[in-house]
Amino acid sequence: MAMTVDESRRSSMLGLASLALAATVPGCGGGGGGSGAGNGTAASLRALELTAPMTTVPPGQSVSLVATARLSDGTGTPVAGTVTWVSSNPAAVTVNNEGRVTAVAVGSATITATYQSVTATLTLRVGQALIGLALLNPPFQLALGLGGSWQLFTVGNAGSITTDVRAVAQWSSSDPSVATVGQGAEGGLVRGVSPGIATISCTLDGYTASVRIPVLAHQRIARAENDSFAMECVTGIDSSGRALAVWSSRFRSGGRPDLAWSQYRAGTGWSAAASLRPLPLAADTRSMSLKLSLQDNGAGWLAWVQPDGLFAARYDPVAGWAAPVQVVEASRAMIVSYVHPLGLQVDARGNALLVWLAVSDSVTTQFWSSTLDGATGRWTPAAIIPNTQVGGILRWWQLVTNPSGDATLLWARMEMSPIASDGSLLAMRWQPAAAGQLGRWLPRETLLAGTGLPFDMAACMDDAGVTLVGWIQPTGRSSATGRGIDTMRTRRHLPGQGWEPERVLLEETDLAPNQLELAAAAGQGAGAIWANGWDSDVVAARMAPDGTWRVLGEASSNNNPFAIVGDPFQLEMRQLADGRLVCSWMADDNFIGGALATRVHHPVTGWTPVRRDTSPGRLGRLQFMSVAFNAAGVGAVSFQDANQGSTDFFGHAGWQP
């Protein structure tokens with residue numbers, strides 16, 4: 001790796017200079033020599049300090065160390081005779097009763113001096129005198145999150161010999177309130193404390209090497225063991241900005257899998273990661289297909305799948321988690337763990353709707369559901385949703401809901417034939433329970449049939465119950481470029497009026513649009529975001545209240561050197577009550593492990609600048625992420641980052657659009 005060297009000229013009197021290099025240890029009381037404290041009482045011993053004429057001693061040479069007693073009146077006096085000296089590695093460095101050390105063989109040793117029960121240490125290196133010091137360059141765009149750490153390595157150049165000197169060098173931080181750095185055995189270990197930039201320096205034999213490290217506003221929630229890996233993560237945020245993150249993990253070595261969680265509070269940050277145990281015991285307790293839904297007050301439910309069934313647990317921001325309940329046993333309905341396996345929504349009254357895909361009678365694939373009575377906390381027995389038998393191949397499904405309890409289940413399937421494949425898009429709307437009545441599913445409706453194979457579908461619902469679904473439709477191939485030609489279309493359901501005709505979101509194009517996402521707000525129409533497969537740009541569009549679409553242009557462009565570059569993935573969108581569109585996406589390439597960008601489009605003033613202040617890929621290699629926004633546009637994100645062979649779980653909250 002390339003080296004960054006900041007050399008300072010060594011003094012010709014280095015061998016005579018006394019360097020105060022040891023960490024002092026507070027005293028335990030007791031008397032000591034020295035002047036009085038000004039009131040007739042003797043000054044007390046507060047600390048002990050070791051100094052040496054040099055920290056690198058050539059083999060065969062000897063130097064004398066000096067132990068200085070630091071007194072309560074601020075003075076210091078050398079002590080001798082009653083000091084006990086110990087070397088941690090006599091094979092490299094020996095020390096006698098007078099504090100004279102002798103370099104025996106190449107290596108290093110920590111010398112410990114004890115005086116009146118107070119100790120101090122100093123690390124010495126045996127070898128040739130240095131002619132330079134170099135800090136190995138950190139990875140590309142190294143940064144830390146709050147609580148995150150990174151090990152810096154320093155090498156000393158002594159003629160043709162290069163050696164690791166991080167344990168004997170003296171380390172410092174220009175701003176310990178931003179980042180701290182360890183000494184001795186933890187030499188070069190940098191930890192993020194608060195957002196900002198700190199310069200980390202190491203000094204040895206008169207040479208200094210430094211590096212500037214930014215600390216981002218991410219907080220490390222947990223650090224996993226080297227053999228663990230995350231399966232998935234979900235994040236929720238309430239109207240006050242409180243956030244919750246839940247993730248599942250397991251171990252390559254066969255250790256017990258777990259569900260862990262952390263909550264965010266303004267002023268205190270993310271709490272220490274905690275386990276969601278006790279979970280129901282099973283032969284295999286892997287937890288997958290996590291789905292989280294929170295009310296505006298922060299309470300809500302988490303649902304997940306285990307090999308022995310489907311489970312749910314209630315969360316309260318004050319009381320924490322209630323004991324998990326088993327909604328359905330796997331023996332009754334084999335839950336299918338692919339293609340959006342769970343749909344969950346908790347409404348403003350605390351009632352919940354849970355939907356999943358299951359195989360009945362070992363043959364038939366259908367949608368199932370269960371509802372929760374918020375007043376009693378009881379889930380209804382699992383039941384098949386009528387007329388939802390999936391023929392052909394299921395391509396996609398999604399449950400969209402709103403706080404009033406309205407819901408629409410949408411799914412797309414593909415029918416194969418010897419000469420072609422046709423797709424269909426189906427919908428069923430849920431009528432929530434009224435006073436004295438039960439909720440029920442309304443008759444199935446066909447939105448698209450026999451017109452080719454739609455892909456990259458998305459759906460959303462606003463607070464007024466308006467449902468919007470969109471898809472990308474292949475329409476042929478360009479004779480000029482040879483690329484496939486695609487069209488994006490949408491359909492909208494208005495309560496009391498039914499489904500509107502198709503609307504064109506994007507005319508025929510050979511830009512290979514993909515990863516379509518939709519968002520809507522009552523009375524504001526809707527928004528759409530997608531990625532162009534050929535140039536990796538992120539593009540957005542806005543739907544007017546009358547249903548017409550207008551493309552807003554690029555939210556990012558790889559032609560712009562100040563934009564987030566790389567292949568975009570995991571696009572997210574939220575429309576606010578005032579019509580603003582909050583767009584987020586990840587970008588990934590061979591040099592940046594993952595960069596998170598956020599940009600807002602205002603219906604009048606247009607685009608705001610791209611925000612890159614939360615680039616998790618600068619911490620390591622991004623494994624996954626989960627983003628959530630509340631109705632005010634305040635956001636939270638949680639993600640896992642591979643960091644030097646281990647994994648860190650990070651969280652960030654407080655985005656303001």
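Fair warning: this is a prediction, and the values are worked out from it, not measured in the lab.
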Student: So do the side chains of T235 and V627 get within less than 4.5 Å of each other, counting heavy atoms only?
Tutor: no

Student: Can you tell me how far the CZ atom of R212 sits from the OG atom of S201, to the nearest 0.5 Å?
Tutor: 11.5 Å

Student: Are side-chain heavy atoms of F629 and V634 found at a separation under 4.5 Å?
Tutor: no

Student: Can you tell if the side chain of T199 reaches within under 4.5 Å of the side chain of S173, non-hydrogen atoms only?
Tutor: no

Student: In terms of the angle between their ring planes, are Y264 and W270 parallel, tilted or perpendicular, with boundaries placed at 30° and 60°?
Tutor: tilted

Student: Tell me, with the steps shown, if V104 and V93 meet side chain to side chain contact (heavy atoms under 4.5 Å, CB included).
Tutor: CA-CA 5 Å; V104 179; V93 179; over 6 Å; no

Student: What's the separation between atom CD in E517 and atom CD in E572, rounded to the nearest 0.5 Å?
Tutor: 6.0 Å

Student: Ignoring hydrogens and angles, state whether a donor on the side chain of T56 or D205 is under 3.5 Å from an acceptor on the partner side chain.
Tutor: yes

Student: Of all heavy-atom pairs between V83 and V79, which one has the smallest distance, and what is that distance?
Tutor: CG2-CG2, 3.7 Å

Student: Would you mind telling me which of T180, V215, D175, V178 makes a side chain to side chain contact (heavy atoms under 4.5 Å, CB included) with V193?
Tutor: T180

Student: Using the side chain to side chain donor-acceptor pair (under 3.5 Å) rule, take S72 and R46 through it: C-alpha gap first, then chi angles, then the decisive distance, then the call.
Tutor: CA-CA 6 Å; S72 58; R46 290 296 176 87; 4.6 Å; no

Student: Under a plain distance cut-off of 3.5 Å, with no hydrogens placed, do T154 and R166 share a side-chain donor-acceptor pair?
Tutor: no

Student: Rounded to the nearest 0.5 Å, what separation is found between the CG atom of L133 and the OG1 atom of T203?
Tutor: 7.5 Å

Student: Ignoring hydrogens and angles, state whether a donor on the side chain of R125 or S108 is under 3.5 Å from an acceptor on the partner side chain.
Tutor: no

Student: Regarding R191 and E186, does a basic nitrogen lie under 4.0 Å from an acidic carboxylate oxygen?
Tutor: yes

Student: Using modelled atom types only, decide if a donor and an acceptor are shared between the side chain of Q183 and the backbone of W171 within a distance under 3.5 Å.
Tutor: yes

Student: List the atom of A103, the atom of V57, and the distance in Å for their closest heavy-atom pair.
Tutor: CB-CG1, 3.7 Å

Student: Please say which of S626, C233, S638 ends up in a side chain to side chain contact (heavy atoms under 4.5 Å, CB included) with W247.
Tutor: C233

Student: May I have the step-by-step check of side chain to side chain donor-acceptor pair (under 3.5 Å) for T119 and T112, ending in yes or no?
Tutor: CA-CA 7 Å; T119 62; T112 301; over 6 Å; no

Student: Going by atom types alone, do S62 and T102 pair a side-chain donor with an acceptor below 3.5 Å?
Tutor: yes

Student: Just jot down the side-chain hydrogen bond (donor to acceptor under 3.5 Å, both in side chains) partners of T608, sequence neighbours excluded, or say none.
Tutor: none

Student: Considering only heavy atoms from C-beta outward, does the side chain of V181 approach that of L189 to under 4.5 Å?
Tutor: no

Student: Would you call the rings of W261 and W321 parallel, tilted or perpendicular, taking 30° and 60° as the class edges?
Tutor: perpendicular

Student: Report the C-alpha separation of T94 and S87 in whole Å, then their side-chain angles, then the decisive distance to 0.1 Å, and conclude whether the side chain to side chain donor-acceptor pair (under 3.5 Å) test is met.
Tutor: CA-CA 6 Å; T94 61; S87 171; over 6 Å; no

Student: Nearest 0.5 Å, please: how far is CG in N630 from CG in D296?
Tutor: 8.0 Å

Student: Any side-chain heavy atom of T68 within less than 4.5 Å of one from V66?
Tutor: yes

Student: Would you name the heavy atoms of A243 and A636 that are closest together and state the gap between them?
Tutor: CB-CB, 3.8 Å

Student: Does the pair I111 and L124 meet the rule for a side chain to side chain contact (heavy atoms under 4.5 Å, CB included), with working shown?
Tutor: CA-CA 8 Å; I111 307 300; L124 298 177; 4.2 Å; yes

Student: At their closest point, which heavy atom of A632 faces which heavy atom of L576, and how far apart are they?
Tutor: O-CD1, 3.8 Å

Student: Going through the checks in order, is the side chain to side chain contact (heavy atoms under 4.5 Å, CB included) test met by R242 and R265?
Tutor: CA-CA 5 Å; R242 294 178 299 191; R265 299 290 182 271; 3.5 Å; yes

Student: Rounded to the nearest 0.5 Å, how far does CZ of R574 lie from CG of L581?
Tutor: 11.5 Å

Student: Heavy-atom distance under 4.5 Å between the side chains of L244 and Y315, does that happen here?
Tutor: yes

Student: V190 versus L152: any side-chain heavy-atom pair under 4.5 Å?
Tutor: yes

Student: Are I213 and W150 side-chain neighbours, meaning at least one heavy-atom pair lies under 4.5 Å?
Tutor: no

Student: Do you know the tightest heavy-atom contact between L45 and L71?
Tutor: CA-CD2, 4.1 Å

Student: Which heavy atom in I237 sits nearest to a heavy atom in L294, and how many Å separate them?
Tutor: N-CD1, 3.8 Å

Student: Kindly compute the distance separating CE (M573) from CD1 (I529), expressed to the nearest 0.5 Å.
Tutor: 5.0 Å

Student: Just by distance, with hydrogens left out, do S584 and T598 show a side-chain donor and acceptor under 3.5 Å apart?
Tutor: yes

Student: Look at the side chain of Q151 and the backbone N and O of G187, then say whether any donor-acceptor pair between them is shorter than 3.5 Å.
Tutor: yes

Student: Using the rule given for side chain to side chain contact (heavy atoms under 4.5 Å, CB included), can you reason through T121 versus L50, listing the C-alpha separation, both sets of side-chain angles and the distance that settles it, and then say yes or no?
Tutor: CA-CA 7 Å; T121 61; L50 290 185; 5.6 Å; no

